[in-house]
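Working notes for the structure below.
Per chain, numbering begins at 1; letters A, B, ... match sequence-line order. For clarity, every value in this text was computed on a predicted model and none was experimentally measured.
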There are 2 protein chains.
Amino acid sequence: MDRKEKIIIDQIINGSKYFYRNISIDNVIFGYHERELKVLLQRPGGMEKWTLPGGYILKTETAEEASYKVVRYRTKLENIVLHQFKVFCRPDRNKDESFTLKKLSEMQGIELPEDHWMFDNFVSIGFFALTEYSLVRPTGDFYMEDCSWWDVNALPKLLYDHAEIVLEALKALKQFAYFHPIGYDLLPQKFTLPEIHSLYETILNKKIDIRNFTKKLINMRLIQKLAEQRNIGAHRSPYLYTFDKEKYDQLIKEGDVIVL
Amino acid sequence: MDRKEKIIIDQIINGSKYFYRNISIDNVIFGYHERELKVLLQRPGGMEKWTLPGGYILKTETAEEASYKVVRYRTKLENIVLHQFKVFCRPDRNKDESFTLKKLSEMQGIELPEDHWMFDNFVSIGFFALTEYSLVRPTGDFYMEDCSWWDVNALPKLLYDHAEIVLEALKALKQFAYFHPIGYDLLPQKFTLPEIHSLYETILNKKIDIRNFTKKLINMRLIQKLAEQRNIGAHRSPYLYTFDKEKYDQLIKEGDVIVL
DNA sequence: TCAATAGTGTCTCTTAGACAATATCGC
DNA sequence: GCGATATTGTCTAAGAGACACTATTGA
């Protein structure tokens, strides 16, 4: 048993000393790839259902810090934009016959008391994060057998109410995208007009006229044309663009409306 | 000691059996009166600082239900619109030398254990509610000596981080008001154009041209002119208007933009 | 008669949104 | 050559926003 495993076992047994009782966090980590919005999911070894990367809050940290740690661990990214979007609090929201005290005991090979803290009901704080798909290499670890991206339109079976949490995160993201620029975190630093256009079409889930859309972004100085063209390309080389970060941050701060 | 008192004493002593540990709710109840945005605050007998009406969540209810109960009790209103707007979770966010275990013991005249559950740190879920000022008669009870409206721009000393919670609620309300109609819950059923105009000026905290503003509301069929005029009036009798509730609900649902 | 408030219309300018044909490249 | 994709401009209609004077009433 290595050090990492020891820490996890200790947390399972003694977690209620370190963490707030009955409070968890769940992170919906979004990525965008090939016209599909993706969510990062994980599956603990021995379990059938997938889960959102989540965790508990140490009594010495804020909810944001707790969320940040989890997202950083799973994505290996450093600069992460997090948004608290909703609290999930329903009696029995995390009763699930596929994950029980007995199951956990078996999985970890340890005896756990009947009233183990992990099987209380939890109030979970939902965060969503926007990440650049290509920078994330999802990998499992000894505890999480699998960790991978899933198309939001074709999710596997999820534990507890995690499917609902993803749905609510999608709603919150859509709402957010209507009024704030979002591409900076989801796209590579250099991108083409068709790329950012289809990103918005995907998230807002509707057709947008590409001429009007790109005209608007350029007119408002949110994005800038670069001299470069994409060297590799199946067809005509498209021009590359970047965000004007100053303008971008200003819009984020002022909460101006971007697209309808 | 009457029944109500008994219940409260029981909850103070045994609350951790009924409630989620370390989780509370705080409600920012807004009202509007004479061009001022008001917040309903309460002050427990024997305490100097004021607090937001809040409470704890029974393990058998949702956070919304818990919030609803508190707001209903304090306002005596039945149809309340609640919005979860933010979670407050910072170590020591509710340490306050003006409210300690010793103080509570004195106030209630009972012995409380050192590790009493109410003096753990709490993660608080913030809700805001919109209510019609004139329908609310704030009254204290045996536990809350005072309960009254306060202008958001002139708040008394508040316990814990409640001042911050009010500020965040104001931000959330402002954000909300930009994109959704709000007057239905805050204004009397019949109101004048200057009234709804100044409501928006107050909440958005900026000057709005009344001609353009009312033209817009009427054009979009959000409000309708009534035949009546206000009978009592310091000056010329203004016409009364009401919301077209159908249109109003439609806008709420679709999340369309109302005012910039 | 004076002060306070209610009420009302026009013009301009910006921009959302509709709309389609051409050029380039890989195969 | 053909298929796929990138790129580009004009027009219209709607609406945001600027702007000020008159009528009425109570004191």
Return the value, rounded to whole Å, for the distance between atom [atom1] of [X] and atom [atom2] of [N].
| X | N | atom1 | atom2 | value |
| --- | --- | --- | --- | --- |
| A/Phe191 | D/dA6 | CZ | C1' | 16 Å |
| A/Ile208 | C/dA16 | CD1 | P | 13 Å |
| A/Ile196 | D/dT5 | CD1 | C1' | 18 Å |
| B/Tyr178 | D/dA16 | OH | C1' | 14 Å |
| B/Phe213 | D/dG15 | CZ | P | 17 Å |
| A/Leu204 | C/dG17 | CG | P | 12 Å |
| B/Arg35 | C/dA4 | CZ | P | 13 Å |
| A/Asn219 | C/dC13 | CG | C1' | 15 Å |

Under the rule for ring-ring contact (aromatic ring centres under 6.0 Å, His included), what residues qualify as partners of [X], not counting sequence neighbours?
| X | result |
| --- | --- |
| B/Phe191 | B/Phe243 |
| B/His197 | B/Phe213 |
| B/Tyr239 | none |

List, one per line, each side-chain donor-acceptor pair under 3.5 Å for residues 23-32 of chain A, sequence neighbours excluded.
from    : atom 1 : to       : atom 2 : distance (Å)
A/Ser24 : OG     : A/Ser124 : OG     : 3.0
A/Asp26 : OD2    : A/Ser124 : OG     : 2.6
A/Asn27 : OD1    : A/Ser67  : OG     : 2.5
A/Asn27 : ND2    : A/Pro53  : O      : 3.0
A/Tyr32 : OH     : A/Ser198 : O      : 3.3
A/Tyr32 : OH     : A/Ser198 : OG     : 2.8
A/Tyr32 : OH     : A/Leu199 : N      : 3.2

Q. Restricting to pairs with a member in residues 170-180 of chain B, which pass salt bridge (Lys or Arg N to Asp or Glu O under 4.0 Å), not counting sequence neighbours?
A. B/Glu168-B/Lys171

Q: Establish, with yes or no, whether the OP1 or OP2 oxygen of C/dT15 is under 4.0 angstrom from a side-chain nitrogen or oxygen of A/Lys216.
A: no

Q.
Output one letter per nucleotide in nucleotides 7-12 of chain C: B when a protein non-hydrogen atom lies under 4.0 Å from the base, S when only the sugar-phosphate is that close, - when neither is.
A. SBBB--

Q. Hey, what's the ring geometry for A/Tyr248 with A/Tyr184, parallel, tilted or perpendicular (30° and 60° as the breaks)?
A. tilted

